[in-house]
Amino acid sequence: MSCLMVERCGAGTFEWLEQNAIQVRMLVLEELWGRDLMMRDSSLGVGVCPDEPPGSPVWGPLRTPPVTCGGLSLALELPALIRQLRAAWRARRGGAQGPERSQGNTWVAEKEEVEDVKQDIEYNSAHLEADGRLNTGHGNAGVLLAERRGSYPLIDLRIVKTSAHQGEVESGTRKKLKRLLSFQRYCHASRLLRGLVPHTPGSLHLLDDDYLGQAAHMLSKVGTWNFDIFLFDRLTNGNSLVTLMCHLFNVYGLIHHFQLDMVKLHRFLGMVQEDYHSQNPYHNAVHAADVTQAMYCYLNEPKLTEQLTPMDVFLGLMAAAAHDVDHPGVNQPFLIKTRHHLASLYQNTSVLESHHWRSTVGMLRESGLLSHLPADISQDIEQQLGSLILATDIGRQNEFLLTFREHLDNQDLDLQQASHRHFILQIALKCADVCNPCRVWELSRQWSERVCEEFYRQGDLERKFDLEISPLCDQRADSVPAIQTGFISYIVEPLFEEWHRFTEPSPLSQAMLGQLHKNKACWSRLRHANQPSDTQTEEPEGDGEGEDIP
């Protein structure tokens, strides 16, 4: 068992840390810097000894060069590291440490810091189970709503919560919510480390920690249709959207072409990712990353790739990443019949899509990502982003489908014209937004269950307030197979048949259409058999699992 050496402080001060050494190392050392990194601070006399006796050579001076992260030395034990983090934070705020902390009262300071760490870990342990229910259960859907930075008043999902958790919502603070995150994730997102990352010329240093191991291997295959976005999100510790967008911007050379500031880009993408509601089963940041990956595949279609300009690619990726930002987890009819202020603001027309667009524009301006561009160019980018995001309104499906069909029938699409390229980007984004039934069965099934779970949550709210239950939202009457069969037949299949014609057809469009038909047949069998979707009992034959579709 690992042991914590404390030479300077009293034996009782770190008694708790000695009893919980494994937890401490797992939270801070192993999670952030890896299991094989051993550290020692000789000036403090504090070190970590992984299963080594006191006389072992491991206790000698550090043999590797000093390691730093965000300008802070990592060759420190937990109390010393906390002191550095706090000192850096006070320096950034312009505050002082105070006489009681700066005039030699080290023992008291360290004791307070250990108590803070103890409180953090105990809070994590006490709320681990609740945190697990937070993302899956109806009753805890509103916990994370307490201190969001959302740009409009949220739908109050706390009405479906039990009274036992009501006080937890009311007393929630930003500090407590951040404790629910891992230490690594907090360091990535905190303002403390955001401006302290060392600047290496020519290095995209902000991405280094994300390009590790299996995540880097997955990014090398990001253009394949069977890309598992759920696995990628786990490998990136919930940062799939930021990591994917930064990678694709590098692939296309957009950072250099538009002279983007990497810090501003990372800040903007972080804001977008944070403004997705993680408690939504479907409309969350993972969905945005999935749509972005699909958009990347479509931008690489042979008929498109040679015609698109860097501006087209920039707009396509940005619109895909932000197309559902700040989605409340309910649809437009719900906002209208509950007289939500957004419905009045946008006059009951493309309410959610208009809000997604305006939220994106607000974050662009707040981050200053385009501030170095001429005003007319930045305004044009904002307007074109709006045109793309508004095209995802499912209520305008027939409008775009008929126009697309007419162009294909008349064979008058000229991709050398900017207006025609923009229209194809709209169609590509619409395809990417509803492409889940075209994925391999295992991925498609997960997305189908997630979107139906979100529908059912809305139905529960409507039943709670004696409102008319919206179509597809009554889990007592609408089964997942029935919903998916109708969705594929009336929305997805007609759109992808025309996309198949447009690509003339490409290997990717052939594979997508073939998988779509297989998934539709599987849902149809499940519907008629009146069984839940279970991959153990029903899977479409030849679903292409294990293949890399270009």
Side-chain angles (χ1 to χ4, degrees), residues 223 225-226 287 290-308 312-313 315-317 319-320 323-324 350 353 384 387-440 443-444 447-448 451 483-524 540 544 549-550:
W225 187 244
N226 291 350
H287 166 66
D290 183 64
V291 172
T292 303
Q293 190 271 336
M295 190 68 170
Y296 174 65
C297 292
Y298 300 156
L299 295 178
N300 283 333
E301 287 281 19
K303 193 168 182 178
L304 273 178
T305 186
E306 295 182 358
Q307 303 292 336
L308 296 176
D312 296 328
V313 175
L315 291 169
L317 295 178
H323 79 285
D324 272 334
S350 298
E353 291 72 26
Q384 292 196 63
S387 177
L388 290 173
I389 294 175
L390 289 173
T392 62
D393 184 356
I394 203 70
R396 301 178 63 190
Q397 180 79 2
N398 289 335
E399 170 193 338
F400 279 94
L401 186 60
L402 290 175
T403 304
F404 192 28
R405 190 172 290 153
E406 288 177 1
H407 278 303
L408 295 177
D409 291 342
N410 299 330
Q411 298 183 353
D412 59 356
L413 276 174
D414 182 6
L415 295 182
Q416 293 185 353
Q417 297 185 29
S419 60
H420 286 197
R421 291 198 307 274
H422 185 79
F423 175 75
I424 292 300
L425 286 178
Q426 290 177 313
I427 298 297
L429 183 57
K430 290 180 67 64
C431 288
D433 193 24
V434 297
C435 73
N436 303 143
C438 299
R439 301 282 191 180
V440 294
L443 298 178
S444 177
W447 285 120
S448 299
V451 72
I483 293 174
Q484 288 305 304
T485 302
F487 179 63
I488 292 174
S489 299
Y490 297 106
I491 301 296
V492 183
E493 201 167 33
L495 180 61
F496 277 90
E497 285 175 349
E498 300 306 319
W499 181 261
H500 185 72
R501 288 176 59 195
F502 167 71
T503 59
E504 295 184 343
S506 69
L508 174 59
S509 66
Q510 288 179 325
M512 288 192 301
L513 204 58
Q515 189 65 51
L516 177 66
H517 293 153
K518 294 173 185 176
N519 291 340
K520 179 182 178 181
C522 186
W523 286 121
S524 181
I549 302 174

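For this chain, numbers begin at 1 and follow the sequence in order.
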Trainee: Would the distance check show the side chain of His323 and the main-chain N or O of Ala320 forming a donor-acceptor pair, the cut-off being under 3.5 Å?
Mentor: yes
Trainee: Quick one: does Ser524's side chain have a donor or acceptor within less than 3.5 Å of a partner on Lys520's backbone?
Mentor: no
Trainee: Do you know which two heavy atoms are closest between Ser444 and Pro437, and how far apart they sit?
Mentor: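 It is OG-CA, 3.5 Å.
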Trainee: Using the side-chain contact (heavy atoms from CB on, under 4.5 Å) rule, take Leu429 and Val291 through it: C-alpha gap first, then chi angles, then the decisive distance, then the call.
Mentor: CA-CA 8 Å; Leu429 183 57; Val291 172; 4.1 Å; yes
Trainee: Measure the shortest side-chain to side-chain distance between Trp523 and Ser448 over non-hydrogen atoms and say whether it is less than 4.5 angstrom.
Mentor: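 Of all side-chain heavy-atom pairs linking Ser448 with Trp523, at least one is under 4.5 Å.
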Trainee: Please check this pair: side chain of Gln426 against backbone of Ser387, looking for a donor-acceptor N/O pair closer than 3.5 Å.
Mentor: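 It does hold such a pair.
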Trainee: Looking only at the side chains, is there a donor atom on one of Asp433 and His287 sitting less than 3.5 Å from an acceptor on the other?
Mentor: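 Looking only at side-chain atoms, His287 and Asp433 do form a donor-acceptor pair, the distance falling under 3.5 Å.
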Trainee: What's the spacing between Asp409 CG and Arg501 CZ if we round to 0.5 Å?
Mentor: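 If I round to the nearest 0.5 Å, the distance is 4.5 Å.
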Trainee: Any side-chain donor paired with an acceptor under 3.5 Å for Asn519 and Gln515?
Mentor: yes
Trainee: Counting only N and O atoms by type, is there a donor-acceptor contact under 3.5 Å from the side chain of Ser350 to the main-chain atoms of Glu353?
Mentor: no
Trainee: Taking the inter-plane angle between the rings of Phe400 and Phe423 on a 0 to 90° scale, is it parallel (under 30°), tilted (30 to 60°) or perpendicular (over 60°)?
Mentor: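 Geometry flag for Phe423 against Phe400: parallel rings.
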Trainee: For His420 and Asp414, work out which heavy atoms get closest and say how close.
Mentor: ND1-N, 2.8 Å
Trainee: Answer yes or no: is there a donor N or O on one side and an acceptor on the other, between the side chain of Ser489 and the main chain of Gly486, under 3.5 Å?
Mentor: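 The answer is no, because no donor-acceptor pair under 3.5 Å joins these two groups.
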Trainee: Please report the C-alpha distance between Leu443 and Asn436 in whole Å, then the side-chain angles of each, then the deciding distance to 0.1 Å, and finally whether the side-chain contact (heavy atoms from CB on, under 4.5 Å) criterion is met.
Mentor: CA-CA 8 Å; Leu443 298 178; Asn436 303 143; over 6 Å; no
Trainee: What's the separation between atom NZ in Lys518 and atom SG in Cys438, rounded to the nearest 0.5 Å?
Mentor: 12.5 Å
Trainee: Under a 4.5 Å cut-off applied to non-hydrogen side-chain atoms, are Leu425 and Gln384 in contact?
Mentor: no
Trainee: Rounded to the nearest 0.5 Å, how far apart are CZ of Arg396 and OG1 of Thr403?
Mentor: 9.5 Å
Trainee: With a 4.5 Å cut-off on side-chain heavy atoms, are Phe496 and Ser509 touching?
Mentor: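 Result no, sub-4.5 Å side-chain heavy-atom pair not found.
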Trainee: Tell me the closest heavy-atom pair linking Arg421 and Leu415, and the distance in Å.
Mentor: CG-O, 2.8 Å
Trainee: Centres of the Phe502 and Trp499 rings: under 6.0 Å?
Mentor: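 Ring-ring flag for Phe502/Trp499: true, centres closer than 6.0 Å.
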Trainee: Which is it for Gln397 and Lys430 under the side-chain contact (heavy atoms from CB on, under 4.5 Å) test, yes or no, and what are the steps along the way?
Mentor: CA-CA 9 Å; Gln397 180 79 2; Lys430 290 180 67 64; 3.0 Å; yes
Trainee: Please enumerate all residues that pass ring pair (Phe, Tyr, Trp, His ring centres under 6.0 Å) together with Tyr296, with sequence neighbours excluded.
Mentor: Tyr252
Trainee: Which heavy atom in Leu304 sits nearest to a heavy atom in Tyr298, and how many Å separate them?
Mentor: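 Heavy atoms only, the tightest pair is CD1-O, 3.5 Å.
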Trainee: Would you check, one step at a time, whether the test side-chain contact (heavy atoms from CB on, under 4.5 Å) holds for Trp447 with Val451?
Mentor: CA-CA 6 Å; Trp447 285 120; Val451 72; over 6 Å; no
Trainee: Considering all heavy atoms of both residues, which atom of Leu308 and which atom of Val313 are nearest to each other, and what is their separation?
Mentor: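 Result for this residue pair: CB-CG2, 4.3 Å.
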Trainee: Say whether Glu301 and Thr503, considering side chains only, have a donor N or O and an acceptor N or O under 3.5 Å apart.
Mentor: no
Trainee: What is the distance from atom CZ of Arg405 to atom CG of Leu495, rounded to the nearest 0.5 Å?
Mentor: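 Reported value, rounded in 0.5 Å steps: 9.5 Å.
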